[in-house]
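What follows is a set of notes on a single structure, which appears directly below.
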Amino acid sequence: MEFFLDTANVDEIKAAQAQGVMDGVTTNPTLLSREGGDWKAQASEICKIVEGPVSLEVVGATADEMIREAEALSAFGENVVIKVPMTSEGLVATKVLYKKGLKTNVTLVFSPLQALLAAKAGATYVSPFVGRLDGISHDGMELIKQIRTIFDNYDFPTKILVASIRNPLHVLDSALIGADVATIPYKVICELAKHPLTDKGLEQFNVDWEKLTK
Ligand code: E4P
């Protein structure tokens, strides 16, 4: 299972890289605007410091606009994955980008049939948003199970990239279901490493070591 970091913050990327747990990065217009400044410089730096895939999102409404943007975004680096919204125009763009050999991440997926359409259009990744579904009292992880079943039924190579992750349980469930990737906020990555019994055990070891070596 791969872990992507869901951020446009360079300090967070460097910290996750140092922990050796990060395989790629996903950004979106909200995450880039949170960082402020020149988004192109920010995106370009992220593509340089990250070895794995970096998702950069198009914002045009039509397929033609998306394709033009995708070509410009690709110039940021060989690791760029074009994030395309799950709309009819987005599907047209995904198909064209697939034929051009560009990698795509179809985003804002909230139903298994949207994921199936994206896979049929040749998406490299689909991004189902589990946290936002949970937020409207739907079962986000049920969507991941359904997409896993559909992709396995037909051997689609499209990877399931679980997005809108809110807590460690979302990551655990994604792993148990067999999602290919989870894109995780930095705060949640940090929570994954923590356990109160680890802290308590370490404290006791330190106390006992102190006694022994005094
Ligand atoms: C995915 O690639 C998105 O960037 C992300 O997970 C959005 O989720 P959120 O805005 O609901 O946190």
Side-chain angles (χ1 to χ4, degrees), residues 1-13 16 21-36 39 42-43 45-47 50 52-60 66 69-70 73 76-77 79-87 90-91 93-94 97 102-112 114-115 117-119 121 123-144 147-148 158-175 177 179-192:
M1 184 186 191
E2 289 184 306
F3 282 3
F4 290 175
L5 197 63
D6 200 20
T7 191
N9 183 286
V10 168
D11 291 338
E12 289 183 352
I13 292 170
V21 295
M22 200 197 70
D23 302 297
V25 164
T26 53
T27 69
N28 63 37
T30 304
L31 292 171
L32 277 165
S33 85
R34 207 172 276 165
E35 298 308 310
W39 73 266
Q42 188 76 9
E45 186 180 0
I46 293 170
C47 292
V50 175
V54 176
S55 287
L56 299 177
E57 189 160 342
V58 296
V59 292
M66 291 179 204
E69 281 179 63
L73 290 173
F76 286 120
N79 51 350
V80 171
V81 174
I82 306 300
K83 220 171 175 186
V84 176
M86 178 52 233
T87 58
L91 288 175
T94 300
L97 296 173
L102 293 179
K103 291 187 174 162
T104 52
N105 170 1
V106 174
T107 189
L108 291 167
V109 167
F110 292 96
S111 84
Q114 287 181 320
L117 288 175
T124 315
Y125 301 93
V126 284
S127 286
F129 278 39
V130 293
R132 292 195 197 184
L133 276 171
D134 289 354
I136 57 159
S137 303
H138 285 238
D139 185 348
M141 295 318 300
E142 185 56 32
L143 172 61
I144 306 305
I147 299 173
R148 181 73 282 159
T158 302
K159 290 185 174 177
I160 303 173
L161 196 174
V162 182
S164 187
I165 281 185
R166 298 280 181 262
N167 53 56
L169 202 53
H170 278 150
V171 181
L172 174 63
D173 287 340
S174 301
I177 293 166
D180 303 283
V181 191
T183 188
I184 311 172
Y186 182 68
K187 181 180 151 287
V188 177
I189 292 252
C190 295
E191 287 169 17
L192 295 182

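Quick caveat, the model's predicted, so the values are computed rather than measured. Hydrogens, waters and symmetry mates play no part in the numbers below; they use all other heavy atoms, side chains included. Counting from 1, the numbers follow the sequence of the chain as shown. We count ligands from 1, going down the list as the structure has it; atoms in each ligand are counted the same way.
Atoms of ligand 1 lying under 4.0 Å from at least one heavy atom of A163, given by number and element, are 1 (C), 6 (O). Atoms of ligand 1 lying under 4.0 Å from at least one heavy atom of T26, given by number and element, are 2 (O). Contact atoms of ligand 1 toward K83: 1 (C), 2 (O), 3 (C), 4 (O) (distance under 4.0 Å to a heavy atom of the residue).
For R166, a nitrogen or oxygen atom sits less than 3.5 Å from a nitrogen or oxygen atom of ligand 1, counting backbone and side chain alike. Considering backbone and side-chain atoms together, N28 places an N or O closer than 3.5 Å to an N or O of ligand 1. Ligand 1 has no nitrogen or oxygen under 3.5 angstrom from a nitrogen or oxygen of N105. Between T107 and ligand 1, no pair of N/O atoms sits closer than 3.5 Å.
Among protein heavy atoms, the minimum distance from atom 7 (C) of ligand 1 is reached at F129 CE2, 3.5 Å. Regarding atom 10 (O) of ligand 1, its nearest protein heavy-atom neighbour is R132 NH2, 2.7 Å.
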In residues 79-86, what donor-acceptor pairs under 3.5 Å come from side-chain atoms, sequence neighbours left out?
from, atom 1, to, atom 2, distance (Å)
N79, ND2, C47, O, 3.0
N79, ND2, V50, O, 2.9
N79, ND2, G52, O, 3.1
K83, NZ, T27, O, 2.8

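At a 4.0 Å cut-off, at least one heavy atom of D6 sits close enough to ligand 1 to count as contact.
Judged as a ring pair (Phe, Tyr, Trp, His ring centres under 6.0 Å), and not counting sequence neighbours, F76 has no contacts.
Scanning S164, S127, P128 for the heavy atom closest to atom 11 (O) of ligand 1 points to S164.
Taken to the nearest 0.5 Å, the CD1 atom of I184 stands 4.0 Å off from the CD1 atom of I189. Distance check, rounded to the nearest 0.5 Å: CZ of F4 to CG of D180 gives 9.5 Å.
Closest approach of A179 and V162 over heavy atoms only: CB-CG2, 3.5 Å.
Checking side-chain atoms of S174 against main-chain N and O of A182 turns up no donor-acceptor pair under 3.5 Å.
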Apply side chain to side chain contact (heavy atoms under 4.5 Å, CB included) to the pair R166 and R132, showing each step before the final yes or no.
-> CA-CA 9 Å; R166 298 280 181 262; R132 292 195 197 184; 3.8 Å; yes
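The side chain to side chain donor-acceptor pair (under 3.5 Å) test with S55 is passed by exactly one of N105, T104, T26: N105.
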